[in-house]
Amino acid sequence: MDIKAYIESGILELFVAGQLTENENKDVQEMMLKHPEVLQEVLEIESAVIKLSSAMSPSDNMHLLQLIKDKLQFGGQDVKVISIDKPRYNWLTYTGWAAALIVGAGLLWSLNQNKQLESQVSEIDMQNLYLEQQIEQAKTDLAVKENLLNILRDRDIISVPLGGQGDFTDSYAKVYWNKEDNSIYLDAQGLPDAPEGKVWQVWSLTLNPLTPTSLGTIDNFNDDDNKIFTITNANESQAFGITLEPAGGSETPTIEQLHTLGVVSQP
């Protein structure tokens with residue numbers, strides 16, 4: 001599209017005056033967003049309209065009254081004027097005010113439309129930013145999952161299923177233990193959210209004699225969607241268990257709250 005021809009077509013003046021249809025207004029708004037020179041022209045038209053409205057104000061028409069008085073005198077003699085009891089109207093003043101009101105209303109409408117455009121542009125920018133963040137987060141999540149899959153498929157990983165115990169037969173978990181780097185990947189998807197004031201605590205156990213060693217609490221369990229947690233374990237573990245303990249954890253496991261337990265298979 002020839003932008004210069006579009007500007008010279010007169011449609012921008014009608015836009016500022018509020019004389020276009022709704023669809024035509026939308027077309028002009030789109031052109032303002034796409035072409036900075038169109039937006040600049042609209043701003044200049046609005047500025048000119050404001051100046052014109054000021055020039056048409058009644059205070060600037062006093063010289064007309066004096067001009068009329070001068071014209072009514074011939075050779076220094078006053079012309080007799082017969083008073084007629086009819087209301088006299090300053091049509092020039094009223095016409096100026098009417099024009100100013102019409103242009104002002106159109107200007108206010110145009111300013112309102114500009115504010116709406118700015119709001120829409122800002123909202124679109126926010127949506128694009130949010131979408132970019134979501135894409136980046138998805139890429140990060142995918143990379144983490146791929147890395148986790150590679151770890152779990154390692155031939156040196158020891159898999160230890162943890163079955164439900166006592167009154168908690170529906171609970172389950174699984175430990176993936178890498179002895180090479182003393183790390184554990186705990187899949188705790190089979191555990192319910194910890195009640196308020198409680199926390200899940202993981203234990204490393206030796207069986208003879210039975211000796212529990214705390215591997216720490218899972219404080220962010222309820223907020224984690226994947227329910228997969230990385231834990232450091234340098235112990236010669238023979239079994240693993242998970243108990244529900246008061247917030248902050250316990251020095252020894254609460255046997256009545258032992259939800260899952262699993263024994264490490266001997267090679």
Next item on the list: Start with the C-alpha gap between F240 and L215, add the side-chain angles, then the distance that decides, and say whether side chain to side chain contact (heavy atoms under 4.5 Å, CB included) holds.
Entry: CA-CA 10 Å; F240 296 98; L215 298 181; 4.1 Å; yes
Check: Between M32 and V42, is a side chain to side chain contact (heavy atoms under 4.5 Å, CB included) present by the stated rule, with each step listed?
Finding: CA-CA 8 Å; M32 291 166 63; V42 169; 4.2 Å; yes
Quiz: residues 192-204 side-chain donor-acceptor pairs under 3.5 angstrom, not counting sequence neighbours:
unit_1	atom_1	unit_2	atom_2	d
W200	NE1	P192	O	3.0
Q201	OE1	S250	N	2.8
Q201	NE2	S214	OG	2.9
Q201	NE2	S250	O	2.9
W203	NE1	T243	OG1	2.8
S204	OG	S237	OG	2.5

Rounded to the nearest 0.5 Å, what separation is found between the [atom1] atom of [X] and the [atom2] atom of [Y]?
X    : Y    : atom1 : atom2 : result
I218 : N220 : CD1   : CG    : 8.0 Å
T254 : H259 : OG1   : NE2   : 10.0 Å
I184 : I231 : CD1   : CD1   : 6.0 Å
E44  : E37  : CD    : CD    : 11.5 Å
E180 : I157 : CD    : CD1   : 9.5 Å
D27  : E22  : CG    : CD    : 11.0 Å

Margin query: side chain to side chain contact (heavy atoms under 4.5 Å, CB included), that's the test. Do L191 and K227 meet it? Break it down for me.
Written below: CA-CA 9 Å; L191 295 177; K227 297 294 187 283; over 6 Å; no
Looking only at heavy atoms, what is the nearest atom pair of [X] and [Y], with distance?
X    : Y    : result
G241 : L261 : CA-CD1, 4.1 Å
I7   : E41  : CG2-CG, 3.4 Å
Q238 : V263 : O-CG1, 3.5 Å

Next item on the list: Flag the pair K26 and E30 as a salt bridge only when some basic side-chain nitrogen lies within less than 4.0 angstrom of an acidic carboxylate oxygen.
Entry: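 No salt bridge links K26 with E30.
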Next item on the list: Can you sort out the partners of F229 under ring pair (Phe, Tyr, Trp, His ring centres under 6.0 Å), two or more places apart, ordered by chain and number?
Entry: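 By the ring pair (Phe, Tyr, Trp, His ring centres under 6.0 Å) rule, F229 matches F221.
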Find out whether [X] and [Y] are in side-chain contact, i.e. whether some heavy atom of one side chain is under 4.5 Å from a heavy atom of the other.
X    : Y    : answer
L258 : F168 : no
L186 : V175 : yes
M31  : I3   : yes

Note to self: Membership question, hydrophobic clusters at under 4.5 Å side-chain separation (ILVMFWY): are Y172 and W177 in the same one?
What the structure shows: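 W177 does not cluster with Y172.
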Notebook entry, point to check: Can I255 be reached from L207 by stepping across I, L, V, M, F, W or Y side chains whose heavy atoms are under 4.5 Å apart?
Noted result: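 Shared cluster, no.
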Notebook entry, point to check: Does the pair Y6 and V28 meet the rule for a side chain to side chain contact (heavy atoms under 4.5 Å, CB included), with working shown?
Noted result: CA-CA 10 Å; Y6 181 80; V28 174; 3.5 Å; yes
Notebook entry, point to check: In chain order, what residues pass the salt bridge (charged side-chain N to carboxylate O under 4.0 Å, His left out) check against E236, with sequence neighbours excluded?
Noted result: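 By the salt bridge (charged side-chain N to carboxylate O under 4.0 Å, His left out) rule, E236 matches no residue at all.
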Check: Hey, is the main chain of I45 close enough, under 3.5 Å, to the side chain of E13 for a donor-acceptor pair?
Finding: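 It does not hold such a pair.
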Item checked: Heavy-atom donor-acceptor pair, N226 side chain to I228 backbone, under 3.5 Å ->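 Not confirmed, N226 side chain does not pair with I228 backbone.
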Next item on the list: Decide yes or no on side chain to side chain donor-acceptor pair (under 3.5 Å) for T21 and N23, but give the supporting numbers first.
Entry: CA-CA 6 Å; T21 64; N23 289 335; 5.5 Å; no
